Amino acid sequence: MSITITPLNSGMCTSNPKTYHYHPSTHKYYANVSNEDKALPVFCYLLNTGDELILIDTGMSDTDRANTYHHPGSVQLPDEAMPRAVMKAGYNPDDVTKIIFTHLHWDHTFYMKDFKNAKYYAQRKEYEFAMNPIPLYYKSYEYKDLGIEAPFIGVKFELIDGEAEIVPGVRVYPTPGHSPGHQAVEVDTKDGTYHCVGDAIFLLDNLKPVPQIHYDLTPTARFANIVEWWESVREIKRRCPDIKMVLPAHEPTLIERFKETPVLGL
Ligand SMILES: [Zn+2]
């Protein structure tokens with residue numbers, strides 16, 4: 001059996017197009033960049049390899065926590081909490097054997113401890129930064145000085161340095177920039193190889209060139225390291241030239257696409 005991918009939306013998270021999605025130098029080339037917060041989905045991807053279930057990220061927190069500590073206006077419906085979303089897709093959360101984290105921000109790691117039989121995979125660089133972030137990223141990693149506990153505290157990870165095969169047909173490669181140890185996941189399916197790229201890009205627009213200013217990409221406005229970001233997104237495009245095969249966590253057009261195609265690689 002080949003691998004299938006079931007996208008699961010963990011909720012709608014608000015963020016600002018001008019301060020998150022599009023770098024200021026690109027605003028005038030995108031007519032639709034507004035200063036009003038926009039609600040974006042927070043997709044996780046459930047892989048069924050035939051032998052095991054592997055999750056990519058565990059999604060955002062409940063509405064209350066998201067509004068109190070993160071992005072006011074965000075909403076998670078009860079069925080969108082990741083363990084419930086997995087059940088709704090017809091699977092048992094206890095059957096998830098591995099969880100691969102693209103990175104360890106709050107909207108990608110909640111509920112991880114609810115998957116009791118899973119091993120957790122992250123890049124070593126990401127884990128080390130998450131345990132000791134600079135204050136600018138205290139909220140992103142729910143650092144203890146805020147008076148809360150991040151989901152990954154007290155958890156043992158399988159730490160990865162660079163590229164690795166997790167199981168046959170599922171591989172990770174580093175895509176730092178959005179965060180110090182961000183990684184993308186390649187998944188071989190009947191449709192070809194999908195790339196679950198987390199927040200390496202927020203929007204598919206971030207893959208587009210801006211020829212007026214000689215940009216081969218449209219950078220985001222929020223990043224830990226823009227030079228690394230740029231090289232990582234170039235690498236994604238090099239490995240995955242077909243935009244249909246690139247699956248970010250927050251691209252809003254994916255909502256409609258996944259309604260039509262709820263399982264990829266069937
Ligand atoms: Zn995110």
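Both backbone and side-chain heavy atoms feed into the values below; hydrogens, waters and symmetry mates do not. Positions are given from 1 along the sequence. Remember, it's a predicted structure, so these values are computed and weren't measured experimentally. Just follow the structure's listing: the first ligand is 1, and inside any ligand the first atom is 1.
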Under the ring pair (Phe, Tyr, Trp, His ring centres under 6.0 Å) rule, collect the residues that match up with Tyr215, sequence neighbours excluded. Trp230
Is a side-chain donor or acceptor of Asp79 paired with a backbone partner of Ala85 at a separation under 3.5 angstrom? no
If you leave out waters, which protein N, O or S atoms are less than 2.8 Å from the Zn ion (ligand 1)? Asp107 OD2, His108 NE2, Asp199 OD2, His250 NE2
When clusters are formed from ILVMFWY side-chain contacts under 4.5 Å, directly or step by step, what else is grouped with Tyr143? Tyr69, Tyr138, Leu146, Ile148
Once rounded to the nearest 0.5 Å, what's the spacing between atom CD1 of Ile160 and atom CD of Glu165? 11.5 Å
Who are the ring pair (Phe, Tyr, Trp, His ring centres under 6.0 Å) partners of Phe110, not counting sequence neighbours? none
State which residue, out of His105, His108, His21, fulfils the ring-ring contact (aromatic ring centres under 6.0 Å, His included) condition with His250. His108
